[in-house]
Amino acid sequence: QRLSEYLGAQRLQAKGRTYSVEVTHSASDSRNMPDIRGVEKKVSAAILGVYEQHQDILVFLPGRKEIAQCVSQLKQAFNEQIASGLMDVIPLHASVSDEERHRALTESDKQRIILATNVAETSLTIPGVTLIVDTGLERRTHQRNGRTVLGLHAISRASAEQRKGRAGRVSEGDCIRLYGKAAPLERLTPPELHREELVEPMLAAACCGFTFAELKFVDSLPQQTLEKAKDKLLQMRAIDEQGKVTTHGQRLYPLPI
C-alpha cells in the first residue's frame, strides 16, 4: 500500500497458490530470542528428529562461518547416508562455487540439506523443499558511532514469514523455528537508508545534479543521519554549502571505497 501511494500507482492483488506450512518452536521458553550459541548442534538436533518424513531441507543461517560449522556437524551426523549416496549437504551463500550453487538449485535423487543465508529468503527458489529450519538470525548493516558496520541481528517477523513460505511451494511442509513463539521480533526489517550512513547516496545524488535531502523516498530519511553525511562531505570538500558536487567530489565518487 505504501509503495503504491509513493508511486501513485494502481495496486493489483492476486492470490498465490501455496500449500500450508505447520510451524513449531523448539525454544525452552516462549519468549526466547534467536541465539547464536551452539547453533550447529541445535540445527543438527532439529533435523535428526524429522528428516525421514521430508524431501529436501532448507536451513537459514546468518553467514558463511555458521554455515561451515553446520556443514561439518551434519556431515558427522549423517555420515552413513552421505557415504551411501542417499544424502547431500550443500552450503549456499554469495561465495560458493558455481557447482555448489547448481547442486543447491537443481532437484536431485538424493535428499538434500541446504544451508543458506538470506540469499534463499527471496532471491532464489529452491525446488523440493518441505522442511525449513529457521535460526531466526541474519547479518545486516547498522550504524555504530556514525559508521556503517555489519552485525548479527534477530530477523523481523516479516522475514520469518518469508522464510516459512519457502517450504510450501511443492507440497505441504513444516517450519521449525529455533526461538520462542512469543519472541519480541521487530515487525519489519528497517530499510537500508535507515540503517546505514548516507555519505555515498548523498554524493551519488549530487553527482546526478540533485540535493539528496529533497528527494522523496518511501520512508522519510533520519534528519540526524542526513546532517552527519552532509558534514562529512563538506569536510572532504566533495560538495559545497548548497549541496552541489565539486570537481573533487566527482573524482571521489567512482572510487570503490
Side-chain angles (χ1 to χ4, degrees), residues 1-16 33-34 60 62-64 93-95 116-125 136-163 165-166 183-257:
Q1 183 63 37
R2 288 187 307 145
L3 193 59
S4 64
E5 285 169 7
Y6 172 73
L7 295 169
Q10 186 183 356
R11 185 179 176 208
L12 305 177
Q13 287 176 283
K15 286 187 177 173
M33 285 291 281
F60 280 102
R64 194 165 73 178
H93 50 74
S95 310
T117 58
N118 271 358
V119 72
E121 192 177 298
T122 52
S123 312
L124 301 171
T125 296
L137 293 162
E138 66 178 350
R139 279 205 171 77
R140 67 171 186 243
T141 52
H142 66 273
Q143 283 195 61
R144 185 189 294 154
N145 302 327
R147 300 302 307 230
T148 300
V149 295
L150 191 65
L152 188 68
H153 291 263
I155 59 170
S156 65
R157 291 205 299 273
S159 277
E161 279 301 300
Q162 190 72 39
R163 291 178 173 191
R166 295 276 133 179
L185 304 177
E186 298 172 282
R187 192 172 70 85
L188 294 168
T189 306
E192 273 186 44
L193 288 174
H194 283 206
R195 304 194 315 254
E196 300 184 1
E197 56 181 342
L198 300 177
V199 172
E200 195 170 341
M202 187 175 280
L203 183 55
C207 287
C208 298
F210 292 92
T211 307
F212 187 62
E214 291 170 5
L215 296 176
K216 294 278 189 288
F217 292 95
V218 180
D219 300 286
S220 56
L221 300 173
Q223 194 58 39
Q224 188 181 2
T225 319
L226 278 170
E227 285 166 11
K228 277 185 184 170
K230 187 175 181 182
D231 288 347
K232 204 169 275 190
L233 287 169
L234 282 168
Q235 285 169 20
M236 292 181 196
R237 297 182 186 168
I239 60 171
D240 61 21
E241 287 292 345
Q242 285 71 48
K244 290 188 168 55
V245 71
T246 61
T247 309
H248 181 57
Q250 286 173 329
R251 290 170 70 184
L252 283 180
Y253 179 64
L255 300 177
I257 54 174

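Pairing each heavy atom of Asp219 with each of Pro191, the nearest pair is OD2-CG, 3.7 Å. Taking every heavy atom of both residues into account, Arg144 and Val149 meet most closely at CB-CG2, 4.0 Å.
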task = Dump the intermediate steps for side chain to side chain contact (heavy atoms under 4.5 Å, CB included) on Glu138 and Leu152, then the final yes or no.
result = CA-CA 6 Å; Glu138 66 178 350; Leu152 188 68; over 6 Å; no

inquiry  = Using side chain to side chain contact (heavy atoms under 4.5 Å, CB included), reason through Leu137 and His153 one step at a time and then give a plain yes or no.
reply    = CA-CA 6 Å; Leu137 293 162; His153 291 263; over 6 Å; no

key: Lys230/Ile239 under side chain to side chain contact (heavy atoms under 4.5 Å, CB included): CA gap, chis, key distance, verdict   = CA-CA 8 Å; Lys230 187 175 181 182; Ile239 60 171; 4.0 Å; yes

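In this structure the side chain of Leu150 never reaches within 4.5 angstrom of the side chain of His142, judged on heavy atoms. A heavy-atom distance below 4.5 Å is found between the side chains of Phe212 and Leu221. Within the 4.5 Å cutoff, side-chain heavy atoms of Leu203 are placed close to those of Leu233. Looking only at side-chain heavy atoms (C-beta outward), Leu3 and Val218 come within less than 4.5 Å of each other. No side-chain heavy atom of Thr225 sits less than 4.5 Å from a side-chain heavy atom of His194. Looking at heavy atoms from C-beta onward, Leu193 lies in side-chain contact with Leu198 at the 4.5 angstrom threshold. The shortest side-chain heavy-atom distance between Pro34 and Leu185 falls under the 4.5 Å cut-off. Side-chain contact between Met202 and Leu226 is present, with at least one heavy-atom pair separated by less than 4.5 Å.
In this structure, Ser156 contributes its side chain and Ser159 its backbone to a donor-acceptor pair below 3.5 Å. With Tyr6 contributing its side chain and Lys216 its backbone, the two residues share a donor-acceptor pair below 3.5 Å. Ser4 places no side-chain N or O within donor-acceptor distance of the main-chain N or O of Arg11, the cut-off being under 3.5 Å.
Residues that satisfy the salt bridge (charged side-chain N to carboxylate O under 4.0 Å, His left out) test with Arg166, not counting sequence neighbours, are absent from this structure.
For Glu197 and Lys232, the salt-bridge test passes: some basic side-chain N is under 4.0 Å from an acidic carboxylate O. The pair Arg157-Glu186 does not count as a salt bridge, with every side-chain nitrogen at least 4.0 angstrom from each carboxylate oxygen.
Atom CD of Gln224 has 12 or fewer neighbouring heavy atoms from other residues, nucleotides or ligands inside a 6.0 Å radius. Within 6.0 Å of the CD atom in Gln1, the count of heavy atoms belonging to other residues, nucleotides or ligands exceeds 12. Annotation for Gln250: atom CD counts as buried by contact number, over 12 foreign heavy atoms lying within 6.0 Å.
Note that CZ of Arg251 is 8.5 Å distant from OG1 of Thr247, once rounded to the nearest 0.5 Å. Here the NZ-CZ distance, from Lys244 to Phe210, works out to 11.5 Å after rounding to the nearest 0.5 Å.
A donor-acceptor contact under 3.5 angstrom links the side chains of Asn118 and Arg163, judged on distance only. The closest side-chain donor-acceptor pair between Arg195 and Gln143, if any, does not fall under 3.5 angstrom. Looking at Arg64 and Thr117, their side chains never bring a donor and an acceptor atom within 3.5 Å of each other.
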